[in-house]
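Reading through the C-alpha coordinates given below for one structure.
Here the structure is a predicted model, which is why all the values come from computation and not from measurement. Just so we're on the same page: letters track the sequence lines, and every chain starts at 1.
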Protein chains: 2
Amino acid sequence: MPFQAFDTSLESRPIRDIAYEQLKHAIITGQIPAGSRIVETVYADQLHISRTPLREALRKLERDGLVEYVLHRGVVVRAFTIDDIDEIFTIRNAMMMLILPSVVQNATAEKIQELRDILKQMDAEYERADAEALAISNRLFHGTMEHISDKLRILRVIDSQEEYIKRFQATTIASVVRRTNAHQEHHDMVNLLEKKDLDGLKILFQHHFEESKETCLSAVREKKLIEINE
Amino acid sequence: MPFQAFDTSLESRPIRDIAYEQLKHAIITGQIPAGSRIVETVYADQLHISRTPLREALRKLERDGLVEYVLHRGVVVRAFTIDDIDEIFTIRNAMMMLILPSVVQNATAEKIQELRDILKQMDAEYERADAEALAISNRLFHGTMEHISDKLRILRVIDSQEEYIKRFQATTIASVVRRTNAHQEHHDMVNLLEKKDLDGLKILFQHHFEESKETCLSAVREKKLIEINE
DNA sequence: ATTATATTTATTGTATACAAATTTGGTTTC
DNA sequence: GAAACCAAATTTGTATACAATAAATATAAT
(Lines give C-alpha, C1' and ligand atoms only; values in the text may rest on other atoms or scores of the structure.)
Protein backbone atom coordinates (compact mmCIF):
# COMPACT_ATOMS: atom_id res chain seq x y z
CA MET A 1 0.00 0.00 0.00
CA PRO A 2 1.73 3.22 -1.20
CA PHE A 3 0.73 5.39 1.70
CA GLN A 4 -0.33 4.58 5.18
CA ALA A 5 -3.87 5.37 6.24
CA PHE A 6 -4.52 6.57 9.74
CA ASP A 7 -7.89 6.52 11.43
CA THR A 8 -9.49 9.90 11.95
CA SER A 9 -13.09 8.82 11.63
CA LEU A 10 -14.60 9.24 15.12
CA GLU A 11 -18.14 10.55 14.69
CA SER A 12 -19.93 11.23 11.45
CA ARG A 13 -17.80 13.51 9.41
CA PRO A 14 -17.77 13.78 5.62
CA ILE A 15 -15.35 11.25 4.19
CA ARG A 16 -14.21 13.94 1.76
CA ASP A 17 -12.68 15.68 4.79
CA ILE A 18 -11.06 12.47 5.96
CA ALA A 19 -9.70 11.94 2.46
CA TYR A 20 -8.51 15.55 2.47
CA GLU A 21 -6.65 15.13 5.76
CA GLN A 22 -5.10 11.85 4.72
CA LEU A 23 -3.93 13.09 1.36
CA LYS A 24 -2.59 16.25 2.96
CA HIS A 25 -0.73 14.20 5.52
CA ALA A 26 0.65 11.89 2.87
CA ILE A 27 1.87 14.83 0.78
CA ILE A 28 3.37 16.69 3.72
CA THR A 29 5.24 13.65 4.99
CA GLY A 30 6.46 12.91 1.51
CA GLN A 31 4.67 9.57 1.26
CA ILE A 32 3.35 10.93 -2.00
CA PRO A 33 6.42 12.64 -3.45
CA ALA A 34 6.32 15.90 -5.34
CA GLY A 35 5.74 15.47 -9.03
CA SER A 36 3.50 12.45 -8.49
CA ARG A 37 0.35 12.40 -10.50
CA ILE A 38 -2.72 11.65 -8.41
CA VAL A 39 -4.98 9.41 -10.45
CA GLU A 40 -8.46 9.56 -8.97
CA THR A 41 -9.43 5.91 -9.31
CA VAL A 42 -6.17 4.73 -7.75
CA TYR A 43 -6.58 6.77 -4.58
CA ALA A 44 -10.33 6.27 -4.42
CA ASP A 45 -9.78 2.51 -4.41
CA GLN A 46 -7.00 2.81 -1.86
CA LEU A 47 -9.18 4.79 0.53
CA HIS A 48 -12.20 2.60 -0.25
CA ILE A 49 -14.31 5.55 -1.29
CA SER A 50 -15.82 6.72 -4.56
CA ARG A 51 -14.33 9.38 -6.79
CA THR A 52 -16.83 12.07 -5.80
CA PRO A 53 -15.58 12.80 -2.27
CA LEU A 54 -11.99 12.26 -3.39
CA ARG A 55 -12.36 14.92 -6.07
CA GLU A 56 -13.77 17.36 -3.54
CA ALA A 57 -10.73 16.72 -1.37
CA LEU A 58 -8.50 17.40 -4.37
CA ARG A 59 -10.21 20.73 -5.00
CA LYS A 60 -9.36 21.77 -1.45
CA LEU A 61 -5.74 20.69 -1.82
CA GLU A 62 -5.69 22.67 -5.04
CA ARG A 63 -6.64 25.87 -3.22
CA ASP A 64 -4.12 25.04 -0.50
CA GLY A 65 -1.46 25.04 -3.17
CA LEU A 66 -0.30 21.52 -2.34
CA VAL A 67 -1.31 20.15 -5.71
CA GLU A 68 -1.54 21.62 -9.16
CA TYR A 69 -4.31 21.01 -11.64
CA VAL A 70 -3.82 20.49 -15.36
CA LEU A 71 -6.79 20.41 -17.72
CA HIS A 72 -7.86 16.87 -18.47
CA ARG A 73 -4.74 15.55 -16.84
CA GLY A 74 -5.73 15.74 -13.23
CA VAL A 75 -3.64 16.88 -10.31
CA VAL A 76 0.07 16.67 -9.65
CA VAL A 77 1.80 17.14 -6.28
CA ARG A 78 3.67 20.43 -6.34
CA ALA A 79 7.40 20.63 -5.88
CA PHE A 80 9.40 22.91 -3.60
CA THR A 81 12.38 25.11 -4.26
CA ILE A 82 14.90 26.68 -1.90
CA ASP A 83 13.18 30.02 -2.57
CA ASP A 84 9.91 28.56 -1.33
CA ILE A 85 11.42 27.69 2.03
CA ASP A 86 12.92 31.13 2.32
CA GLU A 87 9.60 32.81 1.56
CA ILE A 88 7.65 30.55 3.88
CA PHE A 89 9.80 31.45 6.86
CA THR A 90 9.79 35.11 5.87
CA ILE A 91 6.00 35.17 5.81
CA ARG A 92 5.82 33.21 9.06
CA ASN A 93 8.11 35.69 10.77
CA ALA A 94 6.27 38.73 9.45
CA MET A 95 2.94 37.35 10.65
CA MET A 96 4.38 36.65 14.08
CA MET A 97 5.63 40.22 14.32
CA LEU A 98 2.11 41.41 13.51
CA ILE A 99 0.38 39.42 16.22
CA LEU A 100 3.01 39.66 18.99
CA PRO A 101 1.64 42.93 20.43
CA SER A 102 -1.79 41.40 20.95
CA VAL A 103 -0.26 38.16 22.24
CA VAL A 104 1.50 40.16 24.94
CA GLN A 105 -1.62 42.16 25.65
CA ASN A 106 -3.97 39.17 25.92
CA ALA A 107 -1.65 36.83 27.78
CA THR A 108 -3.46 35.92 31.00
CA ALA A 109 -1.97 33.91 33.85
CA GLU A 110 -4.03 30.93 32.68
CA LYS A 111 -2.66 31.11 29.17
CA ILE A 112 0.90 31.33 30.47
CA GLN A 113 0.27 28.34 32.69
CA GLU A 114 -1.04 26.45 29.69
CA LEU A 115 2.20 27.19 27.86
CA ARG A 116 4.23 26.08 30.86
CA ASP A 117 2.32 22.80 30.96
CA ILE A 118 3.21 22.16 27.34
CA LEU A 119 6.83 23.06 28.10
CA LYS A 120 6.88 20.60 30.94
CA GLN A 121 5.87 17.83 28.62
CA MET A 122 8.42 19.00 26.06
CA ASP A 123 11.11 18.82 28.74
CA ALA A 124 10.39 15.14 29.13
CA GLU A 125 10.34 14.57 25.39
CA TYR A 126 13.58 16.47 25.06
CA GLU A 127 15.21 14.37 27.78
CA ARG A 128 14.39 11.14 26.05
CA ALA A 129 15.28 12.69 22.67
CA ASP A 130 11.88 11.87 21.19
CA ALA A 131 12.05 13.94 18.01
CA GLU A 132 8.68 12.72 16.75
CA ALA A 133 6.84 13.78 19.91
CA LEU A 134 8.76 17.04 20.03
CA ALA A 135 7.65 17.93 16.52
CA ILE A 136 4.02 17.57 17.56
CA SER A 137 4.47 19.42 20.85
CA ASN A 138 6.39 22.11 19.06
CA ARG A 139 3.42 22.84 16.83
CA LEU A 140 1.10 22.76 19.84
CA PHE A 141 3.32 25.21 21.68
CA HIS A 142 3.56 27.66 18.81
CA GLY A 143 -0.12 27.26 18.00
CA THR A 144 -1.14 27.96 21.58
CA MET A 145 1.11 31.00 21.71
CA GLU A 146 -0.25 32.37 18.45
CA HIS A 147 -3.87 31.82 19.39
CA ILE A 148 -3.50 34.10 22.40
CA SER A 149 -3.82 36.88 19.88
CA ASP A 150 -7.29 36.67 18.40
CA LYS A 151 -6.20 37.86 14.99
CA LEU A 152 -8.15 35.22 13.16
CA ARG A 153 -7.14 36.14 9.64
CA ILE A 154 -3.47 36.38 10.42
CA LEU A 155 -3.67 33.02 12.16
CA ARG A 156 -5.22 31.71 8.99
CA VAL A 157 -2.24 32.89 6.97
CA ILE A 158 0.14 31.32 9.49
CA ASP A 159 -1.81 28.09 9.27
CA SER A 160 -1.60 27.97 5.51
CA GLN A 161 2.17 28.41 5.61
CA GLU A 162 2.41 25.87 8.41
CA GLU A 163 1.31 23.15 6.03
CA TYR A 164 4.48 23.59 4.09
CA ILE A 165 6.74 23.95 7.07
CA LYS A 166 5.55 20.62 8.46
CA ARG A 167 7.00 19.03 5.38
CA PHE A 168 10.47 20.05 6.53
CA GLN A 169 10.01 20.06 10.26
CA ALA A 170 11.29 16.53 10.70
CA THR A 171 14.53 17.70 9.11
CA THR A 172 14.85 20.67 11.44
CA ILE A 173 14.05 18.76 14.60
CA ALA A 174 16.48 16.03 13.60
CA SER A 175 19.37 18.46 14.14
CA VAL A 176 20.53 17.85 17.70
CA VAL A 177 22.19 21.21 18.19
CA ARG A 178 19.18 23.10 16.84
CA ARG A 179 16.89 21.03 19.05
CA THR A 180 18.81 22.08 22.15
CA ASN A 181 18.78 25.77 21.25
CA ALA A 182 15.16 25.78 20.20
CA HIS A 183 14.15 24.08 23.44
CA GLN A 184 15.87 26.78 25.48
CA GLU A 185 14.30 29.48 23.32
CA HIS A 186 10.81 28.12 23.99
CA HIS A 187 11.41 28.52 27.71
CA ASP A 188 12.73 32.04 27.14
CA MET A 189 9.62 32.92 25.18
CA VAL A 190 7.29 32.13 28.04
CA ASN A 191 9.51 34.01 30.50
CA LEU A 192 9.56 37.09 28.29
CA LEU A 193 5.82 36.81 27.77
CA GLU A 194 5.26 36.74 31.52
CA LYS A 195 7.36 39.90 31.83
CA LYS A 196 5.39 41.37 28.92
CA ASP A 197 8.65 42.20 27.20
CA LEU A 198 7.41 42.84 23.66
CA ASP A 199 10.73 43.99 22.23
CA GLY A 200 12.55 41.03 23.74
CA LEU A 201 9.99 38.67 22.24
CA LYS A 202 10.28 40.27 18.82
CA ILE A 203 14.05 39.77 18.80
CA LEU A 204 13.77 36.23 20.14
CA PHE A 205 11.17 35.13 17.62
CA GLN A 206 13.05 36.69 14.76
CA HIS A 207 16.13 34.75 15.87
CA HIS A 208 14.11 31.57 16.44
CA PHE A 209 12.69 31.55 12.93
CA GLU A 210 15.95 32.61 11.35
CA GLU A 211 17.76 29.68 12.98
CA SER A 212 15.03 27.23 12.06
CA LYS A 213 15.14 28.42 8.48
CA GLU A 214 18.92 28.07 8.26
CA THR A 215 18.88 24.61 9.80
CA CYS A 216 16.18 23.60 7.40
CA LEU A 217 17.90 25.12 4.38
CA SER A 218 21.27 23.55 5.09
CA ALA A 219 19.71 20.15 5.78
CA VAL A 220 17.80 20.37 2.56
CA ARG A 221 20.80 21.52 0.56
CA GLU A 222 22.98 18.73 1.94
CA LYS A 223 20.58 15.93 1.45
CA LYS A 224 19.21 17.40 -1.76
CA LEU A 225 15.77 16.82 -0.33
CA ILE A 226 14.06 19.11 -2.76
CA GLU A 227 12.14 17.12 -5.30
CA ILE A 228 12.33 18.12 -8.92
CA ASN A 229 9.16 18.91 -10.78
CA GLU A 230 8.31 16.87 -13.88
CA MET B 1 -32.76 35.72 -10.94
CA PRO B 2 -30.91 36.41 -7.67
CA PHE B 3 -27.49 36.95 -9.16
CA GLN B 4 -26.36 37.91 -12.59
CA ALA B 5 -24.39 35.39 -14.59
CA PHE B 6 -21.60 36.58 -16.85
CA ASP B 7 -20.12 34.55 -19.65
CA THR B 8 -16.59 33.30 -19.04
CA SER B 9 -16.85 30.11 -21.07
CA LEU B 10 -14.57 30.67 -24.08
CA GLU B 11 -12.71 27.43 -24.74
CA SER B 12 -13.11 24.16 -22.93
CA ARG B 13 -12.59 24.78 -19.26
CA PRO B 14 -14.16 22.81 -16.43
CA ILE B 15 -17.54 24.25 -15.58
CA ARG B 16 -16.66 23.79 -11.91
CA ASP B 17 -14.13 26.58 -12.43
CA ILE B 18 -16.67 28.75 -14.16
CA ALA B 19 -19.09 28.11 -11.31
CA TYR B 20 -16.31 28.91 -8.87
CA GLU B 21 -15.53 32.23 -10.55
CA GLN B 22 -19.18 33.20 -10.80
CA LEU B 23 -19.98 32.36 -7.20
CA LYS B 24 -16.85 34.15 -6.04
CA HIS B 25 -17.81 37.21 -8.05
CA ALA B 26 -21.34 37.12 -6.73
CA ILE B 27 -20.14 36.87 -3.15
CA ILE B 28 -17.51 39.59 -3.51
CA THR B 29 -19.94 42.02 -5.11
CA GLY B 30 -22.51 41.25 -2.47
CA GLN B 31 -25.05 39.82 -4.91
CA ILE B 32 -25.11 36.89 -2.52
CA PRO B 33 -25.10 38.62 0.86
CA ALA B 34 -23.20 37.34 3.88
CA GLY B 35 -25.17 34.92 5.97
CA SER B 36 -26.96 33.50 2.94
CA ARG B 37 -27.19 29.78 2.84
CA ILE B 38 -26.11 28.32 -0.49
CA VAL B 39 -28.45 25.47 -1.29
CA GLU B 40 -26.81 23.29 -3.90
CA THR B 41 -29.84 22.51 -6.04
CA VAL B 42 -30.87 26.17 -6.21
CA TYR B 43 -27.54 27.36 -7.58
CA ALA B 44 -27.00 24.28 -9.73
CA ASP B 45 -30.32 24.99 -11.45
CA GLN B 46 -29.51 28.66 -11.78
CA LEU B 47 -26.18 27.94 -13.46
CA HIS B 48 -27.70 25.10 -15.48
CA ILE B 49 -25.20 22.58 -14.20
CA SER B 50 -25.40 19.52 -11.99
CA ARG B 51 -24.56 19.47 -8.30
CA THR B 52 -21.22 17.70 -8.79
CA PRO B 53 -19.21 20.57 -10.30
CA LEU B 54 -21.05 23.06 -8.09
CA ARG B 55 -19.98 21.19 -4.99
CA GLU B 56 -16.38 21.17 -6.17
CA ALA B 57 -16.60 24.93 -6.60
CA LEU B 58 -17.97 25.22 -3.07
CA ARG B 59 -15.03 23.25 -1.67
CA LYS B 60 -12.68 25.75 -3.25
CA LEU B 61 -14.62 28.70 -1.83
CA GLU B 62 -14.47 26.94 1.51
CA ARG B 63 -10.66 26.90 1.46
CA ASP B 64 -10.67 30.52 0.29
CA GLY B 65 -12.57 31.37 3.45
CA LEU B 66 -15.42 33.00 1.56
CA VAL B 67 -17.96 30.44 2.74
CA GLU B 68 -18.30 28.33 5.83
CA TYR B 69 -19.33 24.72 5.96
CA VAL B 70 -21.63 23.21 8.53
CA LEU B 71 -22.10 19.46 8.76
CA HIS B 72 -25.21 18.36 6.89
CA ARG B 73 -26.30 21.96 6.55
CA GLY B 74 -24.19 23.00 3.62
CA VAL B 75 -22.35 26.23 3.14
CA VAL B 76 -23.11 29.74 4.33
CA VAL B 77 -21.52 32.94 3.04
CA ARG B 78 -19.20 34.26 5.70
CA ALA B 79 -19.73 37.64 7.30
CA PHE B 80 -17.22 40.41 7.88
CA THR B 81 -16.40 42.38 10.95
CA ILE B 82 -14.54 45.65 11.41
CA ASP B 83 -11.67 43.61 12.81
CA ASP B 84 -11.51 41.63 9.59
CA ILE B 85 -10.97 44.76 7.53
CA ASP B 86 -8.30 45.94 9.91
CA GLU B 87 -6.48 42.62 9.72
CA ILE B 88 -6.77 42.38 5.95
CA PHE B 89 -5.08 45.73 5.43
CA THR B 90 -2.48 44.92 8.08
CA ILE B 91 -1.55 41.72 6.29
CA ARG B 92 -1.56 43.46 2.93
CA ASN B 93 0.80 46.12 4.22
CA ALA B 94 3.16 43.64 5.87
CA MET B 95 3.39 41.61 2.68
CA MET B 96 4.12 44.72 0.66
CA MET B 97 6.93 45.63 3.02
CA LEU B 98 8.39 42.16 2.50
CA ILE B 99 8.45 42.31 -1.28
CA LEU B 100 9.37 46.00 -1.77
CA PRO B 101 13.15 45.38 -1.66
CA SER B 102 12.96 42.89 -4.50
CA VAL B 103 10.49 45.09 -6.40
CA VAL B 104 13.06 47.90 -6.31
CA GLN B 105 15.84 45.52 -7.24
CA ASN B 106 14.03 43.89 -10.18
CA ALA B 107 12.41 47.03 -11.61
CA THR B 108 13.66 47.29 -15.18
CA ALA B 109 13.01 50.22 -17.51
CA GLU B 110 10.44 48.08 -19.32
CA LYS B 111 8.53 47.34 -16.13
CA ILE B 112 8.50 51.00 -15.17
CA GLN B 113 7.21 51.89 -18.62
CA GLU B 114 4.48 49.30 -18.21
CA LEU B 115 3.43 50.96 -14.98
CA ARG B 116 3.45 54.37 -16.67
CA ASP B 117 1.22 53.05 -19.41
CA ILE B 118 -1.29 51.88 -16.86
CA LEU B 119 -1.06 55.24 -15.11
CA LYS B 120 -1.74 57.02 -18.39
CA GLN B 121 -4.97 55.11 -18.76
CA MET B 122 -5.83 55.79 -15.15
CA ASP B 123 -5.33 59.52 -15.77
CA ALA B 124 -8.07 59.38 -18.37
CA GLU B 125 -10.37 57.35 -16.12
CA TYR B 126 -9.72 59.75 -13.29
CA GLU B 127 -10.55 62.73 -15.50
CA ARG B 128 -13.91 61.34 -16.45
CA ALA B 129 -14.47 60.15 -12.86
CA ASP B 130 -15.03 56.57 -13.94
CA ALA B 131 -14.88 54.84 -10.55
CA GLU B 132 -15.71 51.45 -11.99
CA ALA B 133 -12.83 51.50 -14.49
CA LEU B 134 -10.49 52.97 -11.88
CA ALA B 135 -11.19 50.08 -9.53
CA ILE B 136 -10.10 47.61 -12.20
CA SER B 137 -7.06 49.64 -13.26
CA ASN B 138 -6.12 50.09 -9.64
CA ARG B 139 -5.89 46.36 -9.17
CA LEU B 140 -3.92 46.03 -12.40
CA PHE B 141 -1.51 48.73 -11.26
CA HIS B 142 -0.91 47.20 -7.85
CA GLY B 143 -0.75 43.70 -9.30
CA THR B 144 1.84 44.72 -11.88
CA MET B 145 3.90 46.48 -9.24
CA GLU B 146 3.79 43.49 -6.90
CA HIS B 147 4.67 40.97 -9.60
CA ILE B 148 7.96 42.76 -10.26
CA SER B 149 9.14 40.94 -7.18
CA ASP B 150 9.02 37.26 -8.01
CA LYS B 151 8.12 36.22 -4.49
CA LEU B 152 5.48 33.79 -5.61
CA ARG B 153 4.31 32.67 -2.19
CA ILE B 154 3.99 36.15 -0.82
CA LEU B 155 2.06 37.14 -3.92
CA ARG B 156 -0.21 34.22 -3.19
CA VAL B 157 -0.92 35.56 0.28
CA ILE B 158 -1.59 39.02 -1.14
CA ASP B 159 -3.94 37.49 -3.67
CA SER B 160 -5.91 35.63 -1.05
CA GLN B 161 -6.42 38.81 0.94
CA GLU B 162 -7.26 40.71 -2.23
CA GLU B 163 -10.43 38.69 -2.58
CA TYR B 164 -11.78 40.30 0.51
CA ILE B 165 -10.56 43.78 -0.26
CA LYS B 166 -12.39 43.73 -3.58
CA ARG B 167 -15.57 43.43 -1.61
CA PHE B 168 -14.99 46.89 -0.17
CA GLN B 169 -13.03 48.51 -2.94
CA ALA B 170 -16.08 50.06 -4.54
CA THR B 171 -16.66 51.84 -1.26
CA THR B 172 -13.13 53.17 -1.07
CA ILE B 173 -12.97 54.34 -4.68
CA ALA B 174 -16.35 56.03 -4.27
CA SER B 175 -14.75 58.56 -1.93
CA VAL B 176 -13.83 61.52 -4.14
CA VAL B 177 -11.16 62.92 -1.86
CA ARG B 178 -9.51 59.53 -1.37
CA ARG B 179 -9.60 58.97 -5.11
CA THR B 180 -7.68 62.18 -5.73
CA ASN B 181 -5.01 61.43 -3.13
CA ALA B 182 -4.63 57.81 -4.18
CA HIS B 183 -4.23 58.83 -7.80
CA GLN B 184 -1.41 61.19 -6.91
CA GLU B 185 0.19 58.52 -4.73
CA HIS B 186 0.23 56.06 -7.61
CA HIS B 187 2.24 58.54 -9.66
CA ASP B 188 4.59 59.09 -6.73
CA MET B 189 5.12 55.35 -6.42
CA VAL B 190 6.43 55.02 -9.96
CA ASN B 191 8.66 58.06 -9.55
CA LEU B 192 10.16 56.68 -6.35
CA LEU B 193 10.58 53.29 -7.97
CA GLU B 194 12.48 54.85 -10.85
CA LYS B 195 14.77 56.56 -8.34
CA LYS B 196 15.07 53.22 -6.51
CA ASP B 197 14.14 55.00 -3.28
CA LEU B 198 13.24 51.99 -1.11
CA ASP B 199 12.69 53.92 2.11
CA GLY B 200 10.51 56.47 0.36
CA LEU B 201 8.42 53.68 -1.13
CA LYS B 202 8.02 51.97 2.21
CA ILE B 203 6.68 55.14 3.80
CA LEU B 204 4.44 55.89 0.84
CA PHE B 205 2.91 52.41 0.70
CA GLN B 206 2.37 52.35 4.43
CA HIS B 207 0.54 55.67 4.13
CA HIS B 208 -1.36 54.51 1.04
CA PHE B 209 -2.76 51.42 2.73
CA GLU B 210 -3.43 53.22 5.98
CA GLU B 211 -5.52 55.83 4.17
CA SER B 212 -7.36 53.21 2.15
CA LYS B 213 -8.14 51.29 5.29
CA GLU B 214 -9.45 54.36 7.09
CA THR B 215 -11.61 55.40 4.15
CA CYS B 216 -12.95 51.91 3.94
CA LEU B 217 -13.58 51.63 7.67
CA SER B 218 -15.38 54.96 7.96
CA ALA B 219 -17.49 54.23 4.88
CA VAL B 220 -18.41 50.89 6.31
CA ARG B 221 -19.17 52.29 9.75
CA GLU B 222 -21.35 55.05 8.34
CA LYS B 223 -23.33 52.95 5.96
CA LYS B 224 -23.34 49.97 8.29
CA LEU B 225 -22.28 47.90 5.32
CA ILE B 226 -21.15 44.99 7.42
CA GLU B 227 -23.57 42.19 7.17
CA ILE B 228 -24.54 40.32 10.28
CA ASN B 229 -23.99 36.60 10.49
CA GLU B 230 -26.90 34.20 11.06
C1' DA C 1 11.61 1.79 -41.45
C1' DT C 2 9.00 5.76 -40.56
C1' DT C 3 5.32 8.50 -40.57
C1' DA C 4 0.40 8.95 -40.57
C1' DT C 5 -3.83 7.43 -39.15
C1' DA C 6 -7.26 4.61 -36.90
C1' DT C 7 -8.54 2.17 -32.73
C1' DT C 8 -8.44 1.01 -28.24
C1' DT C 9 -7.68 2.15 -23.46
C1' DA C 10 -7.23 5.05 -19.53
C1' DT C 11 -8.66 9.04 -17.16
C1' DT C 12 -11.02 13.12 -16.29
C1' DG C 13 -15.63 15.77 -16.50
C1' DT C 14 -20.46 15.84 -15.62
C1' DA C 15 -24.99 14.03 -14.60
C1' DT C 16 -27.97 11.18 -12.24
C1' DA C 17 -29.49 7.95 -8.62
C1' DC C 18 -29.92 6.65 -4.19
C1' DA C 19 -28.78 6.79 0.91
C1' DA C 20 -28.48 9.43 5.18
C1' DA C 21 -29.46 13.17 7.82
C1' DT C 22 -31.95 17.28 8.97
C1' DT C 23 -35.70 20.24 8.95
C1' DT C 24 -40.65 21.04 8.71
C1' DG C 25 -45.42 20.31 9.51
C1' DG C 26 -48.83 18.04 11.54
C1' DT C 27 -50.97 14.87 14.77
C1' DT C 28 -51.47 13.00 19.10
C1' DT C 29 -51.32 13.18 23.96
C1' DC C 30 -51.33 15.26 28.37
C1' DG D 1 -52.58 25.20 24.63
C1' DA D 2 -47.90 23.04 25.07
C1' DA D 3 -44.96 19.25 24.53
C1' DA D 4 -43.75 15.07 22.42
C1' DC D 5 -43.68 12.34 18.76
C1' DC D 6 -44.24 10.72 14.05
C1' DA D 7 -44.17 11.37 8.91
C1' DA D 8 -43.19 13.90 4.82
C1' DA D 9 -40.26 16.90 2.41
C1' DT D 10 -35.90 19.04 1.81
C1' DT D 11 -31.12 18.88 1.47
C1' DT D 12 -26.66 17.06 1.94
C1' DG D 13 -23.41 12.90 1.33
C1' DT D 14 -21.83 9.25 -1.54
C1' DA D 15 -21.84 6.03 -5.33
C1' DT D 16 -22.40 4.91 -9.90
C1' DA D 17 -23.10 5.67 -14.87
C1' DC D 18 -22.05 7.74 -18.90
C1' DA D 19 -19.76 11.33 -21.91
C1' DA D 20 -15.61 13.68 -23.50
C1' DT D 21 -10.97 14.10 -23.89
C1' DA D 22 -6.30 12.58 -23.99
C1' DA D 23 -2.79 8.93 -24.16
C1' DA D 24 -1.29 4.54 -25.91
C1' DT D 25 -1.30 1.05 -29.12
C1' DA D 26 -1.94 -1.00 -33.30
C1' DT D 27 -2.56 -0.71 -38.20
C1' DA D 28 -1.88 1.06 -42.76
C1' DA D 29 0.49 3.78 -46.28
C1' DT D 30 4.55 5.74 -48.30
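Salt bridge annotation for Glu162(B)-Arg139(B): absent, with no cationic side-chain nitrogen under 4.0 angstrom from a carboxylate oxygen.
Note: CG (Asp45(B)) to C1' (dT12(D)) measures 15 Å, nearest angstrom.
Here the side chain of Glu87(B) pairs a donor or acceptor atom with the backbone of Ile154(A) at under 3.5 angstrom.
In this structure, Arg59(B) satisfies the cation-pi test against Tyr69(B), with its NZ or CZ atom closer than 6.0 Å to the six-membered ring centre and inside 45 degrees of the ring normal.
Proximity of Gln161(B) to Val157(A): side-chain heavy atoms (C-beta onward) are separated by under 4.5 Å at one or more points.
The two atoms that bring Ala34(A) and Arg78(A) nearest to each other are CB-O, 3.4 Å, heavy atoms only.
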### Message
So if I define the base as every atom that isn't primed, P, OP1 or OP2, how would nucleotides 8-16 of chain C read as a B/S/- string at a heavy-atom cutoff under 4.0 Å?
### Response
---SBBBBB
